[in-house]
Asks: 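Once you've had a glance at the structure underneath, I'll fire off some questions.
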Amino acid sequence: MHMRKTFILLLSLLVQINIYAQPRKTPPVIIIMADQLRADVLGPFTPNINALQKDGILFSRAYCAAPLCAPSRASFFTGNYPNRTGSMINPWAKEDEVFGNTRSGLPNLYQLMEGTWDSYHVGKQHFFTENKIDKDPASRTKWITQEDYSNWIKDQKRTKPGGKQFKDNAPELVSGMHTQLRSYSTPEVGVYKDGADFFLDRYIANESIKAIRNRDKNKPLLLNTMFLAPHPPFSIPEPYFSMFGPKDFVLSDNVGQWYPGQSPLQMYNITGFIGSRYNREQWREIWAKYLGLVKLLDDEVGRVIAALKEEGLYDQAIILFTADHGEMLGSHSLWQKMCMYEESARVPFILKMPVGESVSVKESSALISLVDFLPTLLDYTGVKTTAAMDGSSLVPIIKGRPQQRESIFLQYDGNGSLGSSQRCVIKGNFKFVVDMFKDESYLELYDVLKDPKETDNLLFNPSFAGVADDMIRELSNYMKQTGDRLSLAADLRTRFLKNYKNGIQKSDKLQ
């Protein structure tokens, strides 16, 4: 009996040793990120992305950490919220450019994986770091960016999409102190006459396919394909420019509408300053062109996935399809992103695991953030880091276990400089937003499951005072814990209701 117990104990120890001695998983990792893609446009216009979704897991409540390119990507690649990365704006204004860069010493996806994986970045490069990661000679990632496209298009004696006709002036607060005029994209549409073969997203797909085919076959592939579409300018090649008309889709009810209870401070931002100029019928025409650009994106995604299949990588690979943020496109009479409404803040998030991996869900309504992807990747592959991250691994959800986290956070600190700011917490059904401009704050609370178009600001409903106060406390604690440069007043809600006691009076909607 003693010998049998000893044998069983030894066998148990050997099994445990074997578990811990398992080699880490090194599947190909393919990240496909769109720019400014609304989560709600996936469907009839995206057959290739739909096919990926059939093979993967759809996370239907995925959000960016910041509804702006640079800070969103910094959070995605580091697994941390903007207050921790230090990247809070697009660094266009010299005075504030330091706030666009990710702090040195913060581990990121490229650095953690390029030692084992054959690493490529192809496309838009808005992951700005203090050490200029894409120019760093120590980086083992191959960087193919917009600069390479600009040089290539020049050699082809062609012009890049866009131009002055697709831009207009908008006011922008700098350093929270003074206003300057900056030129930003408008919803103006036009044909890109050099054609699809010279369009940036075709170039990105072509270079991604080259990376897939010419990779170091002695290593697993890490490919970050960063598309620009459907980001403006809406300078679009045929046949995509003329592919859809206003009768080919149903326009969302909240397009061209400015709702009672919606923050008027958005008029100080490009979102309202430009977006409020267009009526519902004008937005309908713009939507048709945007959907053409979405179809172009889908076709290029399809070409990349086809190349993965041809090379025998598709089944083995972890593939993520997502976007850095969404696009308002006239919802709430707003333009671009830079706000916390669903159309701007929620992102598509489709995760395909390697064939044979135990996956217990096909769709999850768990509340997740883009900061969760890096911890998920590290958890699955076994890549080690001592760095703390705000994100949480999604592996337990994939395995069918309940989500532990209750809340996620978003922030906005200005576009090209430190200007108007927003802070947001999403918890359960509810989303709470503080919109700030100089010394003024406007509060919004929505039940995003019952009111997904966010038409009814519950801050004005006394029945939700307790919910609002709970959300304010949680957001305030998050801001303190992450070293936010801003803070929330203790009497924030009562002060707001005093200032905006007429906030729910009906106003003329923008038709």
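Excluded from the calculations below are hydrogen atoms, water molecules and symmetry mates; all remaining heavy atoms, backbone and side chain alike, are included. Positions are given from 1 along the sequence.
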Asks: Apply salt bridge (Lys or Arg N to Asp or Glu O under 4.0 Å) to R346 and D40, showing your working.
Replies: CA-CA 9 Å; R346 192 165 69 88; D40 62 0; 5.6 Å; no
Asks: Do Y268 and F273 have ring centroids that are under 6.0 Å from one another?
Replies: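 Ring centres of Y268 and F273 not closer than 6.0 Å.
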Asks: Test side-chain contact (heavy atoms from CB on, under 4.5 Å) on V359 and I57; report intermediate values, then the result.
Replies: CA-CA 9 Å; V359 174; I57 308 159; 3.6 Å; yes
Asks: Would the distance check show the side chain of S276 and the main-chain N or O of S333 forming a donor-acceptor pair, the cut-off being under 3.5 Å?
Replies: no
Asks: Among side-chain atoms of D148 and Q146, is any donor-acceptor pair under 3.5 angstrom?
Replies: no
Asks: Does the side chain of L410 come within less than 4.5 Å of R423's, by heavy atoms?
Replies: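 Side chain of R423 against side chain of L410, heavy atoms only: no contact under 4.5 Å found.
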Asks: Answer yes or no for K142 and Y120: cation-pi contact, defined as NZ/CZ to six-membered ring centre under 6.0 Å and angle to ring axis within 45°.
Replies: yes
Asks: For the residue pair D484 / T482, report whether a side-chain donor-acceptor contact shorter than 3.5 Å exists.
Replies: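 No, D484 and T482 have no side-chain donor paired with an acceptor closer than 3.5 Å.
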Asks: What do the steps show when you test F430 against Y446 for ring-ring contact (aromatic ring centres under 6.0 Å, His included), and what is the final call?
Replies: CA-CA 6 Å; F430 294 100; Y446 298 100; over 10 Å; no
Asks: Checking N457 against Q262: is there a side-chain donor and acceptor pair closer than 3.5 Å?
Replies: no
Asks: Taking all heavy atoms of G79 and all of L374, pick out the closest pair and write down the distance.
Replies: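 Minimum heavy-atom contact is N-CD2, 4.1 Å.
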Asks: Backbone N or O of G56 within a donor-acceptor pair of the K362 side chain at under 3.5 Å?
Replies: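 A pair under 3.5 Å: yes.
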Asks: Please check this pair: side chain of D136 against backbone of K132, looking for a donor-acceptor N/O pair closer than 3.5 Å.
Replies: no
Asks: Would you say Q53 and N50 are linked by a side-chain donor-acceptor pair, where the criterion is simply a distance under 3.5 Å?
Replies: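 Per modelled atom types, N50 and Q53 side chains form no pair under 3.5 Å.
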Asks: Near E147 CD, under 6.0 Å, is it more than 12 heavy atoms from other residues, nucleotides or ligands?
Replies: no
Asks: For the pair K160 and S150, evaluate side-chain hydrogen bond (donor to acceptor under 3.5 Å, both in side chains) and give the outcome as yes or no after the intermediate values.
Replies: CA-CA 7 Å; K160 293 191 290 187; S150 295; 3.2 Å; yes
Asks: A side-chain contact here means heavy atoms from C-beta on lying under 4.5 Å apart; do Y110 and N224 qualify?
Replies: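 Side chain of Y110 against side chain of N224, heavy atoms only: contact under 4.5 Å found.
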Asks: Take S208 and L223 through the test side-chain contact (heavy atoms from CB on, under 4.5 Å) and record every step on the way to the result.
Replies: CA-CA 8 Å; S208 296; L223 173 62; 4.2 Å; yes
Asks: If we count only N and O atoms by modelled type, under 3.5 Å, do the side chains of K124 and T145 hold a donor and an acceptor together?
Replies: no
Asks: How close do A345 and M340 get, counting heavy atoms only, and between which atoms?
Replies: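 Closest heavy-atom pair between A345 and M340: CB-O, 3.8 Å.
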Asks: With a 4.5 Å heavy-atom cut-off, do H178 and E95 have their side chains touching?
Replies: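 Contact flag for H178/E95 side chains = yes.
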Asks: Quick one: do E343 and E454 satisfy side-chain contact (heavy atoms from CB on, under 4.5 Å)? Show the steps, please.
Replies: CA-CA 10 Å; E343 297 84 1; E454 295 164 299; 4.2 Å; yes
Asks: Please report the shortest heavy-atom distance between N131 and S104, naming the atom on each side.
Replies: N-OG, 4.3 Å
Asks: Determine whether the aromatic ring centres of residues F127 and F76 are separated by less than 6.0 angstrom.
Replies: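 They do not qualify: ring centres at least 6.0 Å apart.
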Asks: Does a side chain donor of either R38 or S331 reach within less than 3.5 Å of an acceptor in the other side chain?
Replies: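 There is such a pair between these side chains.
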Asks: Can you confirm if the NZ or CZ of K453 lies within 45° of the ring axis of Y259 and under 6.0 Å from the centre of its six-membered ring?
Replies: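 No, K453 and Y259 do not form such a contact.
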Asks: Without hydrogens or angle criteria, can the side chains of E207 and Y149 be said to hold a donor-acceptor pair below 3.5 Å?
Replies: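 Judged by distance alone, the side chains do not pair up.
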Asks: Check I89 against D96 and note the closest heavy-atom contact, atom names and distance.
Replies: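 In terms of heavy atoms, the two residues are closest at CD1-O, 3.3 Å.
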Asks: Going from NE2 on H325 to OH on Y412, what distance comes out if it is rounded to the nearest 0.5 angstrom?
Replies: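 Reported value, rounded in 0.5 Å steps: 10.5 Å.
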Asks: Please tell me if the side chains of C339 and P67 come closer than 4.5 Å, counting only heavy atoms from C-beta onward.
Replies: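 No. Closest side-chain heavy atoms not under 4.5 Å.
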Asks: Are F166 and S185 side-chain neighbours, meaning at least one heavy-atom pair lies under 4.5 Å?
Replies: no
Asks: Ignoring hydrogens and geometry beyond distance, is a side-chain donor-acceptor pair present between S119 and E114 at under 3.5 Å?
Replies: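 No.
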Asks: Are R140 and D118 ion-paired here, with the side-chain N under 4.0 Å from a carboxylate O?
Replies: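 No salt bridge links R140 with D118.
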Asks: Quick one: CD1 on I286 to CG on L291, what's the gap to the nearest 0.5 Å?
Replies: 12.0 Å
Asks: Heavy-atom distance under 4.5 Å between the side chains of R485 and S421, does that happen here?
Replies: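 Contact flag for R485/S421 side chains = yes.
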Asks: If I take atom CG from residue L367 and atom CG from residue N429, how far apart are they, to the nearest 0.5 angstrom?
Replies: 10.0 Å
Asks: Test ring-ring contact (aromatic ring centres under 6.0 Å, His included) on F349 and F321 and set out the steps.
Replies: CA-CA 6 Å; F349 195 102; F321 176 81; over 10 Å; no
Asks: Are any of the side-chain heavy atoms of R495 and R493 separated by less than 4.5 Å?
Replies: no
Asks: Evaluate E342 against K431 for salt bridge (Lys or Arg N to Asp or Glu O under 4.0 Å), listing each step before the verdict.
Replies: CA-CA 10 Å; E342 292 287 280; K431 178 194 292 182; 2.8 Å; yes
Asks: Whether R73 and D324 form a salt bridge (side-chain N of Lys/Arg under 4.0 Å from carboxylate O of Asp/Glu) is what I want to check.
Replies: yes
Asks: Using 30° and 60° as the class limits, which term best fits the ring planes of Y341 and H332: parallel, tilted or perpendicular?
Replies: parallel
Asks: How many angstroms lie between CG in L200 and NE2 in H231, if you round to the nearest 0.5 Å?
Replies: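 NE2 of H231 is found 11.5 Å from CG of L200.
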Asks: Just by distance, with hydrogens left out, do E130 and T102 show a side-chain donor and acceptor under 3.5 Å apart?
Replies: no
Asks: Do Y184 and E172 meet the criterion of a side-chain donor-acceptor pair at a distance under 3.5 Å?
Replies: yes
Asks: Regarding R405 and D372, does a basic nitrogen lie under 4.0 Å from an acidic carboxylate oxygen?
Replies: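 Yes.
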Asks: Take a 6.0 Å sphere around NZ of K480 and say whether it holds more than 12 heavy atoms from other residues, nucleotides or ligands.
Replies: no
Asks: Just verifying a value: how many Å separate S263 OG and E440 CD, rounded to the nearest 0.5 Å?
Replies: 8.0 Å
Asks: Run the numbers on R61 and I426 for side-chain contact (heavy atoms from CB on, under 4.5 Å), then give the verdict.
Replies: CA-CA 10 Å; R61 295 194 71 197; I426 305 174; 3.8 Å; yes
Asks: Report yes if some heavy atom in the side chain of K427 is under 4.5 Å from a heavy atom in the side chain of D470; otherwise report no.
Replies: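 Side chain of K427 against side chain of D470, heavy atoms only: contact under 4.5 Å found.
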Asks: Checking ring-ring contact (aromatic ring centres under 6.0 Å, His included) for the pair W335/F234: CA distance, chi angles, key distance, verdict?
Replies: CA-CA 13 Å; W335 163 238; F234 294 158; 5.8 Å; yes
Asks: Closest heavy-atom contact between P27 and Y380?
Replies: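 Minimum heavy-atom contact is CG-CE2, 3.9 Å.
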Asks: With rounding to the nearest 0.5 angstrom, report the CG to CE distance, L488 to M436.
Replies: 6.0 Å
Asks: Have Q36 and K337 got a donor and an acceptor in their side chains that come within less than 3.5 Å?
Replies: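 There is such a pair between these side chains.
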Asks: Scan side-chain atoms only and decide if T46 and D298 contain a donor-acceptor pair under the 3.5 Å cut-off.
Replies: no
Asks: Consider only side-chain N and O atoms of S393 and D379, and report whether a donor and an acceptor are under 3.5 Å apart.
Replies: yes
Asks: How close do N83 and M88 get, heavy atom to heavy atom, and via which atoms?
Replies: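 Closest heavy-atom pair between N83 and M88: OD1-SD, 4.0 Å.
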